[in-house]
Structures are given as C-alpha cells and as structure tokens.
Amino acid sequence: MAEPHSAPDPSRSSAGGSGAGGPHYRRPAPLLFEPTEAAPDDEHFFGLESLTDPKELLDRATELLHAFRAAADRAQEYQAAAAAQLADPKSFDKLPDAAIADRGGWTEEYARKMIEFGRDLLKDRVPGTQPPPQH
C-alpha cells in the first residue's frame, strides 16, 4: 500500500503564476458535463402518451386517477390532524384559527372545519401512530 503524501505547496508551484513570491491561485476544474435542469414535460405523463390501445390507456389512466385521489385524501387527513394539533387548547403554543388558516391557505371557516375533522381523526387513533384512514 502506498504511503500517504501531503498535498503540494501551491506557493512553490510554477504553474499559472508570475513566479513572484505570493500564493498562486488555480482556476477550479471545469465540469465534465452540465447538469440537466428538470423541466416539466407535458408530453410524458406516467407513460400514458406511449399507450396506443385505448382500452389499456383508459385502464391505466383510471388507475392513476384513483391513486392520486387516494393520495390527496390521505394528505388532507394529515392536514386536518396537524391543524387540530396546532389548535389544541392544552398546548402552550396553540395557534389561533386565523393563523392556521393562513398557514394552510384556507379561510378561517374552512380551518375550523379542518380542526374539527382533525380532532375526530386524532381521538380515534392509537397514540403515537398516524391518523386512521376515513373510508
């Protein structure tokens, strides 16, 4: 195994400098590639554009629709549970309904409904677990 060596002293390097006694600064190494920027591509949506059979397309699109709806419903349950926790009157850092509404991008009336929904979810859960699904 080779012995480790210390890095060369840049002040003794003759590359890229005038030879004067000051430190010589090297330019950073160029990138070997440019990172690609992730741009939304409207023509590629979960491979649906490549399906040619309309029956298969309908089946796959319907599967995606149900999956996204289920995900949205689940996310809404988490929003409600969080709103209820933020509004908990037993908490020393309880937030007013208006602050919760602002944080959620809701009206105050909708925030109150979400808080109530969240309280219902939280009272039915086992402590330390996720909110139970509402089906």
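The analysis underlying the following values was restricted to heavy atoms, covering all of them including side chains, and did not include hydrogens, waters or symmetry mates.
Rounding to the nearest 0.5 angstrom, the gap separating the CZ atom in F46 from the CG atom in L51 is 13.0 Å. Taking CZ from R112 and OG1 from T107, the interatomic distance works out to 7.5 Å, rounded to the nearest 0.5 Å. Going from atom CE of M114 over to atom CZ of R119 covers 13.0 Å, rounded to the nearest 0.5 Å.
Taking the six-membered ring where the residue is Trp, the centroids of Y110 and F117 are separated by 6.0 Å or more.
Qualifying side chain to side chain donor-acceptor pair (under 3.5 Å) partners for Q85, counting only residues two or more places apart in sequence or in other chains: none. Residues forming a salt bridge (Lys or Arg N to Asp or Glu O under 4.0 Å) with E116 (at least two apart in sequence, or on another chain): none. Applying the side-chain contact (heavy atoms from CB on, under 4.5 Å) rule to A82 yields no partners; only residues at least two apart in sequence or on another chain are considered.
The shortest side-chain heavy-atom distance between W106 and Q79 falls under the 4.5 Å cut-off.
Across every non-hydrogen atom of I115 and A84, the tightest pair is O-CB, 3.6 Å.
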Give every donor-acceptor pair under 3.5 Å between a side-chain atom in residues 89-104 and any protein atom, sequence neighbours left out.
{"unit_1": "S91", "atom_1": "OG", "unit_2": "D93", "atom_2": "N", "d": "3.4"}
{"unit_1": "S91", "atom_1": "OG", "unit_2": "D93", "atom_2": "OD1", "d": "2.5"}

Solution key, residues 54-66 side-chain donor-acceptor pairs under 3.5 Å, sequence neighbours excluded:
{"unit_1": "R60", "atom_1": "NH1", "unit_2": "E63", "atom_2": "OE1", "d": "3.4"}
{"unit_1": "T62", "atom_1": "OG1", "unit_2": "L58", "atom_2": "O", "d": "2.7"}

